[in-house]
**Student:** 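Got a structure for you, written out below as structure tokens; questions coming shortly.
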Amino acid sequence: NTTAQGFLFGTYPVSNLLGYGSELYTPYNGPNYANSNPNSTTTYYNGTPSVNYSNTLANPKIKPYDVQSYEFGADLKFLGNRLGLNATYFTTTNGPNIFQLPVASSTTYSDQIVNGVTTKKNGYEIELVGSPLRSKDGLNWDVNVNYSTYKETLASVYNGQTTLYQNNHLYHIGDRLDAIYGTKFVRDGNGDIINSGGAPIQAPSQPDNAQLGLLGYADPDFSFGITNHFSYKNWTLSVQFDGRIGGKLYDFTYYHAMNGGTAIESATGAYGAARNADWVSYNTTGKVGNGGTGSYLGPGVTILSGTPTYGPGGVITNLSQLTFGPNTTYQTVQGYLSSDLGANFDEYYMISRSFAKLREATIGYNLPAKLLQGSFIKKASFNIVGRNLLYFAARKDIDLDQYASGYDASTKGLVGNDGSIDLSSPTARRYGLNIHLTF
């Protein structure tokens, strides 16, 4: 095995086994050979065999990834245990993690492997439990409400450095690492999109992708859950409602639907009106609207005079030296969505991560003991279970529940930006019947 990782998850097909099957690897991972200086043969000049060494400098003193966590909490009970409050504050230090950090080119290497980056996560969780109704033979009601939140920031970088470049952005000490940076619309002082030739303009590239702007944060502001349990004689009812509020996500499904013209938004509102106008014009004159250019007029303005200069985040820094006027260049809807917008503006496809679900509802019935007398069954109960019965979100083309967190300190991965989200299915309802018998 010549790959960086000694063992890969699952089954990995190898093409040179003469047709006798696939090579198998353990799913428990194994040694990682990234901290090494492998060599290989190559040719640099005139076909002369040469030796090629890794341009990443190994570190014989590397240490494993470390996590230190401290929690402080209280568990309080009141009114004969009918009311309870659990509160926990936690702080977690992740690292220093193993990173490949740049080195001077004079060393003949490009990176070195070091215990280089430490992050800190702070948060708290509050749980309120209560029993508003208690009755031996009547109605009982137990309720549980919980709330949790956290934030993870960059705490330190190797050798006293104050910045870290990853996930297309240069983060500074104290910055939230779940911050998503991507391509945004260039706007004037009133917040209007600036166009050129009918299409939104793009900010020019800058070092370290400084032209990318903040699109939001991948981690939610908070998570919540509410569980109610009712019982009356032999009947029971449980209802669990939960969700996450806040955070942003690049909707890859929405991008493809708009780009392909299959999203409902591409055929309603201004898009729908322009499509219909082009259809009528084509059937009448053989050309789409406005003499063949199209009937859709993108929102925003255009620059009438002056040349823009750009600062960090793709923001124009000399707005006072520019003159703006309305956008007057028409396009076809498909041309605007597929070419002008296309994959050029991450901002257009960012959606809220906020969602709420009726996670589970269960109705149960316990057979009376007198009905089981004389049988070998001591207890019997029946439950009808429904999961994901209701789903509340701004967009329902994907199940936001599958993206539980934004930044992962162990992998340095960010889930929420363009490139980290794949096409996925919406949430699905499930129903079941449970039978419990005690002998």
Side-chain angles (χ1 to χ4, degrees), residues 123 125-129 141-151 178 180 182 215-230 236-269 271-272 346-364 382-408 413-434:
E125 181 175 0
I126 299 175
E127 180 185 28
L128 181 66
V129 295
W141 175 24
D142 298 309
V143 61
N144 179 297
V145 179
N146 64 72
Y147 170 96
S148 62
T149 184
Y150 72 90
K151 290 181 176 62
D178 64 320
I180 303 174
L215 299 174
Y217 296 95
D219 289 327
D221 295 335
F222 65 90
S223 301
F224 73 94
I226 303 172
T227 302
N228 288 280
H229 180 78
F230 302 91
T236 61
L237 171 64
S238 295
V239 179
Q240 179 182 342
F241 191 83
D242 60 41
R244 294 191 293 268
I245 304 299
K248 291 289 187 177
L249 184 79
Y250 184 94
D251 191 341
F252 199 48
T253 302
Y254 183 44
Y255 158 69
H256 276 286
M258 291 296 285
N259 190 49
T262 59
I264 188 64
E265 291 88 350
S266 69
T268 56
Y271 291 137
D346 299 334
E347 178 184 357
Y348 190 80
Y349 308 104
M350 298 299 294
I351 63 171
S352 172
R353 276 182 183 247
S354 298
F355 80 92
K357 278 187 176 182
L358 177 53
R359 176 78 58 179
E360 182 175 289
T362 303
I363 299 176
F382 304 89
N383 295 278
I384 299 176
V385 182
R387 295 184 175 90
N388 297 329
L389 298 179
L390 295 175
Y391 180 53
F392 303 93
R395 294 194 60 83
K396 299 182 180 180
D397 48 10
I398 60 175
D399 186 359
L400 294 167
D401 197 12
Q402 63 186 298
Y403 305 109
S405 61
Y407 181 74
D408 186 342
L414 181 63
V415 178
N417 59 346
D418 179 20
S420 66
I421 304 298
D422 294 324
L423 294 175
S424 56
S425 301
T427 188
R429 295 185 181 93
R430 293 186 295 166
Y431 304 92
L433 173 64
N434 296 330

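These numbers come from a predicted model, not from an experiment.
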**Student:** Kindly determine whether Asn228 and Trp141 satisfy side chain to side chain contact (heavy atoms under 4.5 Å, CB included), including the steps that lead there.
**Tutor:** CA-CA 7 Å; Asn228 288 280; Trp141 175 24; 2.8 Å; yes
**Student:** When rounded to the nearest 0.5 angstrom, what distance separates CE in Met350 from CD1 in Ile180?
**Tutor:** 4.0 Å
**Student:** For the atom pair NZ (Lys248) and CG (Asp178), what is the distance rounded to the nearest 0.5 Å?
**Tutor:** 13.5 Å
**Student:** Taking ring-ring contact (aromatic ring centres under 6.0 Å, His included) as the test, write out the residues that go with Phe222, two or more places apart.
**Tutor:** Tyr147
**Student:** State, to 0.1 Å, how close Arg353 and Gly406 come at their nearest heavy-atom pair, and which atoms those are.
**Tutor:** NH2-CA, 4.0 Å
**Student:** For Tyr271, enumerate each residue passing the ring-ring contact (aromatic ring centres under 6.0 Å, His included) test, keeping only those at least two apart in sequence or located in another chain.
**Tutor:** Tyr296
**Student:** Taking all non-hydrogen atoms of both residues, which atom of Ala218 and which atom of Leu414 are closest, and how far apart?
**Tutor:** CB-CD1, 3.9 Å
**Student:** Say whether, by atom type as modelled, one donor and one acceptor occur between the side chain of Thr149 and the main chain of Gly123 under 3.5 angstrom.
**Tutor:** no
**Student:** Under the side chain to side chain contact (heavy atoms under 4.5 Å, CB included) criterion, do Gln402 and Val415 qualify, and how do the steps go?
**Tutor:** CA-CA 11 Å; Gln402 63 186 298; Val415 178; over 6 Å; no
**Student:** If you take all heavy atoms of Ala393 and Leu400, which pair is closest and at what distance?
**Tutor:** CB-CD1, 4.1 Å
**Student:** With a 4.5 Å cut-off on side-chain heavy atoms, are Asp251 and Met258 touching?
**Tutor:** no
**Student:** Where do Thr362 and Glu360 come nearest, in terms of heavy atoms and distance?
**Tutor:** OG1-OE2, 3.6 Å
**Student:** Is there a side-chain contact between Tyr255 and Asp418 in this structure, where contact means two heavy atoms from C-beta onward sitting under 4.5 Å apart?
**Tutor:** no
**Student:** Quick check: do Tyr348 and Tyr254 have side-chain heavy atoms less than 4.5 Å from each other?
**Tutor:** yes
**Student:** Working to the nearest 0.5 angstrom, can you tell me the gap between Leu433 CG and Phe382 CZ?
**Tutor:** 8.0 Å
**Student:** Hey, does Asp346 have a side-chain heavy atom less than 4.5 Å from the side chain of Asn417?
**Tutor:** no
**Student:** Below 4.0 angstrom, N of the basic side chain to O of the carboxylate: do Arg359 and Asp401 qualify?
**Tutor:** yes
**Student:** Check the angle between the aromatic planes of Tyr391 and Phe355 and answer parallel, tilted or perpendicular using the 30° and 60° thresholds.
**Tutor:** tilted
**Student:** Roughly how far apart are Leu249 CG and Ile398 CD1, rounded to 0.5 Å?
**Tutor:** 5.0 Å
**Student:** For a quick check under 3.5 Å, do Asn146 and Glu125 share a side-chain donor-acceptor pair by atom type?
**Tutor:** no
**Student:** When rounded to the nearest 0.5 angstrom, what is the spacing between CD1 in Ile421 and CD1 in Ile351?
**Tutor:** 9.0 Å
**Student:** At what distance, to the nearest 0.5 angstrom, does CZ of Phe241 lie from CZ of Phe224?
**Tutor:** 5.0 Å
**Student:** Around atom CD1 of Ile226, are there more than 12 heavy atoms of other residues, nucleotides or ligands at under 6.0 Å?
**Tutor:** yes
**Student:** Taking everything shown except Ile384 itself, do over 12 heavy atoms lie less than 6.0 Å from its CD1?
**Tutor:** no
**Student:** Measure the shortest side-chain to side-chain distance between Asn434 and Val385 over non-hydrogen atoms and say whether it is less than 4.5 angstrom.
**Tutor:** yes
**Student:** Are the side chains of Lys151 and Asp219 in contact, using a 4.5 Å heavy-atom criterion?
**Tutor:** no
**Student:** Verify, without hydrogens or angle tests, whether Ser354 (side chain) and Gly246 (backbone) share a donor-acceptor contact under 3.5 angstrom.
**Tutor:** yes
**Student:** How would you list, by chain and number, every residue that makes a side chain to side chain contact (heavy atoms under 4.5 Å, CB included) with Ser223, sequence neighbours excluded?
**Tutor:** Ser148, Pro220, Arg244
**Student:** Could you walk me through whether Leu358 and Val239 pass side chain to side chain contact (heavy atoms under 4.5 Å, CB included), step by step?
**Tutor:** CA-CA 8 Å; Leu358 177 53; Val239 179; 3.4 Å; yes
